[in-house]
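Note sheet for the following structure.
As a basis for the values below, the full set of heavy atoms in this structure was taken, side chains included, without hydrogen atoms, waters or symmetry mates. Chain identifiers are assigned alphabetically (A, B, ...) following the order of the sequence lines, protein sequences preceding nucleic acid strands; residue numbering begins at 1 within each chain. All values derive from a computational prediction rather than experimental measurement.
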Amino acid sequence: VTGPPEHHGKPGKGDAPENRSNASLERENTALGLESDELKAHQVTMEAQQVTMEAHQVTLERLIDINRALLDASVDGIRLVDLEGRTLLANSVIEHLTTQIFGIPKYATLQEGRAIADRLTDPASYIATMETIAADPHCATQDDFELADVRRAFQRHTGPVRDSAGELIGRIIVVREITAEREAARLKSELVATVSHELRTPLTGVLGFAELLMHHGLDEATSKRYLKTIHSEAQRLTALVDDFLDVQKIEAGRFTLALESFELGELLEHEVELFGAQSATHTLEFAAVEEPLAMVGDRNRVGQVIANLLSNAIKYSPAGGTVTITATPREGFARVQVTDTGLGIPAGQQAQVFTRFFRVDSSDTREIGGTGLGLALCHEIVTAHGGRIGFESTEGVGSTFWFELPSAWRASAADNRARVLVIEDDPALTLLLSECLALDGLEVELAGTGEAGLGRALARAPAVVCLDIHLPGGLDGWQVLVQLKANPLTAHVPVIVWTAEKGRSTAATLGATEFLAKPFTGDQLREAVARQLSAERSSVLVVDDDPALRRLVIETLARDGGELREAADGHEALAMIAVRPPDVLVLDLAMPKLDGFGVLERLLEGAETRQMPVVVLTGRDLTGAERRLLRERKAAVLEKRKYSGDQLRSLVRQALGQEPEQPAAPVRAAA
Amino acid sequence: VLVCDDEPVLRMLVRATLDRGDYTVVEACDGDEALVRTREEHPDLILLDMMMPGRSGSDVLRELRNDPLTAETPVIMLTARAQASDREAMNLAGANHYLTKPFSPVGLAALVEQVLGA
């Protein structure tokens with residue numbers, strides 16, 4: 001961005017061709033007494049020359065356009081200056097750099113170029129290069145410079161430009177941004193230093209205590225203690241190596257979740273206990289959650305997220321203090337918050353917190369150990385569960401990190417539409433299918449990988465699953481199908497399998513209800529889904545005189561899909577049953593006119609209704625006789641004061657024969 | 001001997017190595033505690049970790065050297081870094097020796113004996 005200040009004189013001014021019109025030539029020629037034929041020949045030549053000149057003009061303009069296009073296509077900034085440092089040519093990149101980045105309003109002369117030096121971390125070296133060029137206009141230079149206020153680095157190449165005769169006519173300057181390369185190099189060397197520190201600490205424990213064991217005659221208790229330490233330090237090393245490998249896995253797109261049911265409150269308590277013992281200067285406050293927070297997810301991975309947040313809260317509050325942990329159930333998800341009163345994160349660095357290898361950089365935190373991988377991993381894990389993670393932080397005050405995971409049984413969907421889960425990686429096909437299914441008023445949920453699909457299905461069982469066999473990631477469609485059928489939460493859900501390859505019999509063997517060979521039409525799919533829905537669509541009649549309670553029951557049961565009808569008293573209920581008997585009756589006992597027992601009595605009279613499954617919802621204590629009666633009738637009983645939506649749904653599912661009577665043991669879903 | 005390291009296992013290792021009748025080992029888990037305990041206990045030797053949260057090892061070392069009471073107390077730095085530039089920095093800050101993690105307990109005992117036996 002410079003040029004030699006020496007004055008070399010202007011390039012020789014060529015003789016401009018004299019512009020004489022044909023008419024004046026004609027007059028001249030006549031005056032010279034030339035013959036008219038000769039004149040004509042002359043004129044033809046002249047015209048031909050003019051055509052050639054015009055063609056040249058077009059060529060020249062075309063060349064200028066091509067040059068401009070070429071220059072602007074470059075990612076590097078390019079400027080050509082004459083011997084006095086004046087800009088002859090500049091591409092759009094360098095104009096942008098000059099005006100937007102370096103903040104120079106215009107760059108026409110060398111002096112204006114010098115103003116750039118003031119914005120740099122090392123103005124002296126920038127000026128030194130310019131002086132080198134000034135001293136020797138024939139030299140080529142290369143140097144790097146960095147802006148002082150923003151972290152942006154550039155590399156500058158300059159070289160002399162000569163004309164075809166070898167005469168020096170100016171200088172070309174090429175400026176390339178190297179910020180990304182610099183940053184990558186810096187992160188890499190920092191990582192090496194960090195890994196070195198992180199690995200060496202546990203290694204010191206392992207090697208040190210092993211050496212003590214070898215060299216000293218120790219009593220048995222001491223030896224045992226040393227061995228224990230060696231063991232735990234080796235475990236810590238393993239965890240570190242795992243962290244690095246996890247990051248590798250994420251980079252290679254091979255991150256998988258082992259889904260199971262677990263209780264988030266218990267997991268939190270466990271982690272809090274572990275970390276509470278590690279620091280004498282910190283108090284960990286965890287208000288145990290009153291309600292169970294039932295989750296479906298990868299318990300170990302979620303534990304990893306909690307451990308990371310706790311460990312950070314402790315590490316980044318070196319003065320000690322209180323770390324507060326809360327877990328709150330929300331509509332459809334659970335939120336965990338970890339609040340410390342530590343150093344906080346400077347506002348300028350907050351955007352990078354979840355970036356790999358990022359570590360808060362300030363004089364207070366420089367020496368805090370860590371791989372810089374923890375939060376990046378947390379982010380990946382939470383996102384893979386379909387959750388969200390974030391934080392609020394004030395430097396010097398503290399930070400609150402939170403994450404939200406979809407909870408298994410608290411999914412809120414007052415939406416009565418049947419939900420179809422489509423597991424398919426082809427975006428075009430997915431779009432087509434969701435449009436097709438939406439035509440039938442179905443709610444469509446999409447998942448691009450087997451893991452994601454399985455997660456969604458376990459979090460909230462859909463009415464139908466549509467499953468592609470060829471899927472990216474660790475699980476193919478067959479594996480997903482096996483997992484769905486093996487898990488009591490989803491075993492009852494019909495699965496439509498499709499593939500371009502053979503597999504009809506495999507699909508049937510593994511428990512798929514329908515097989516579609518690719519390519520298939522949208523109508524074929526709609527029909528297949530409709531078949532599954534009508535086969536699966538259960539009908540529930542809710543009978544209660546309290547409209548608010550009816551609403552609650554209906555909204556709770558709506559999550560499982562199926563048809564829901566309601567009646568406000570016994571007579572209305574019997575009338576509706578007579579029209580079409582439901583698969584399950586949810587029955588209040590105390591009602592005006594005809595009460596619950598009256599309804600049950602009437603049902604015993606009809607052969608078709610005698611065996612109708614009933615879930616009794618009662619607000620009063622039952623007498624012994626009443627209990628006996630309900631037992632004989634095989635009615636499930638749920639007391640209103642002990643009401644839980646989960647239990648109601650579970651009882652209804654049992655009544656429908658969709659769920660075993662005992663809550664199933666956690667199922668490990670993926671390897 | 002005062003040992004200052006934020007890692008409990010490192011402090012345990014130093015204690016297991018030195019606290020065998022010949023030396024009394026005092027522990028500090030961060031830089032501030034190290035300075036407080038140094039003033040209270042007047043250790044004959046300080047083992048100081050380089051990378052600690054809060055006040056780093058080199059900060060502590062600088063303070064020790066600036067205090068006339070501890071300016072002459074021998075200090076051995078414990079560090080994961082082993083590059084020449086780091087060693088120079090430590091020498092300049094006034095460390096007498098340094099040990100690179102992982103270090104050998106036998107080597108540590110020998111070094112401590114050498115420093116204190118002189």
Side-chain angles (χ1 to χ4, degrees), chain A residues 189 192-218 222-223 225-226 228-237 277-282 311-312 314-320 342-343 359-360 362-370, chain B residues 3-22 25 27-34 36 47-62 77-83 85-86 89 98-111:
Chain A
S189 76
V192 170
T194 309
V195 170
S196 160
H197 177 258
E198 289 297 306
L199 295 181
R200 275 165 198 274
T201 300
L203 209 52
T204 308
V206 172
L207 289 175
F209 281 104
E211 193 179 304
L212 288 180
L213 276 174
M214 289 189 298
H215 283 80
H216 299 290
L218 300 165
T222 315
S223 303
R225 205 153 44 82
Y226 288 1
K228 249 185 158 167
T229 310
I230 292 171
H231 185 244
S232 69
E233 289 303 288
Q235 272 180 329
R236 198 166 124 192
L237 262 178
Q278 283 186 15
S279 171
T281 47
H282 292 83
S311 144
N312 279 349
I314 290 171
K315 266 198 291 196
Y316 289 94
S317 47
L343 303 168
R359 292 168 70 206
V360 173
S362 76
S363 54
D364 288 329
T365 59
R366 200 154 289 144
E367 308 295 336
I368 296 179
Chain B
V3 53
C4 173
D5 198 311
D6 60 313
E7 292 285 349
V9 68
L10 261 296
R11 298 199 301 271
M12 273 167 60
L13 181 62
V14 170
R15 181 179 288 285
T17 308
L18 299 178
D19 201 357
R20 304 164 60 80
D22 305 334
V25 176
E27 292 181 30
C29 62
D30 62 34
D32 289 326
E33 197 183 343
V36 171
L47 296 173
L48 195 54
D49 181 32
M50 193 67 182
M51 275 197 168
M52 287 186 294
R55 224 188 277 256
S56 78
S58 41
D59 293 344
V60 176
L61 181 57
R62 205 168 304 120
M77 299 297 287
L78 304 176
T79 173
R81 298 175 175 174
Q83 269 130 26
S85 59
D86 295 316
Y98 60 86
L99 277 177
T100 306
K101 294 177 189 176
F103 55 82
S104 140
V106 175
L108 171 68
L111 183 61

Where do [X] and [Y] come nearest, in terms of heavy atoms and distance?
X: A/Glu211; Y: B/Gly107; value: OE2-N, 4.4 Å
X: B/Val9; Y: A/Gly205; value: CG2-CA, 4.2 Å
X: B/Phe103; Y: A/Thr204; value: CE2-CG2, 3.8 Å
X: B/Pro105; Y: A/Gly208; value: CG-O, 3.2 Å

Contact class of A/Thr201 relative to chain B, heavy atoms under 4.5 angstrom: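 Its backbone and side chain both get close to chain B.
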
Determine, step by step, whether B/Thr100 and A/Arg200 satisfy the side-chain contact (heavy atoms from CB on, under 4.5 Å) criterion, reporting the C-alpha distance in whole Å, the side-chain angles of both residues, the deciding distance to 0.1 Å, and the verdict. CA-CA 9 Å; B/Thr100 306; A/Arg200 275 165 198 274; 3.8 Å; yes

For B/Leu10, which atoms come within 4.5 Å of any heavy atom of chain A: side chain, backbone, both, or neither? side chain

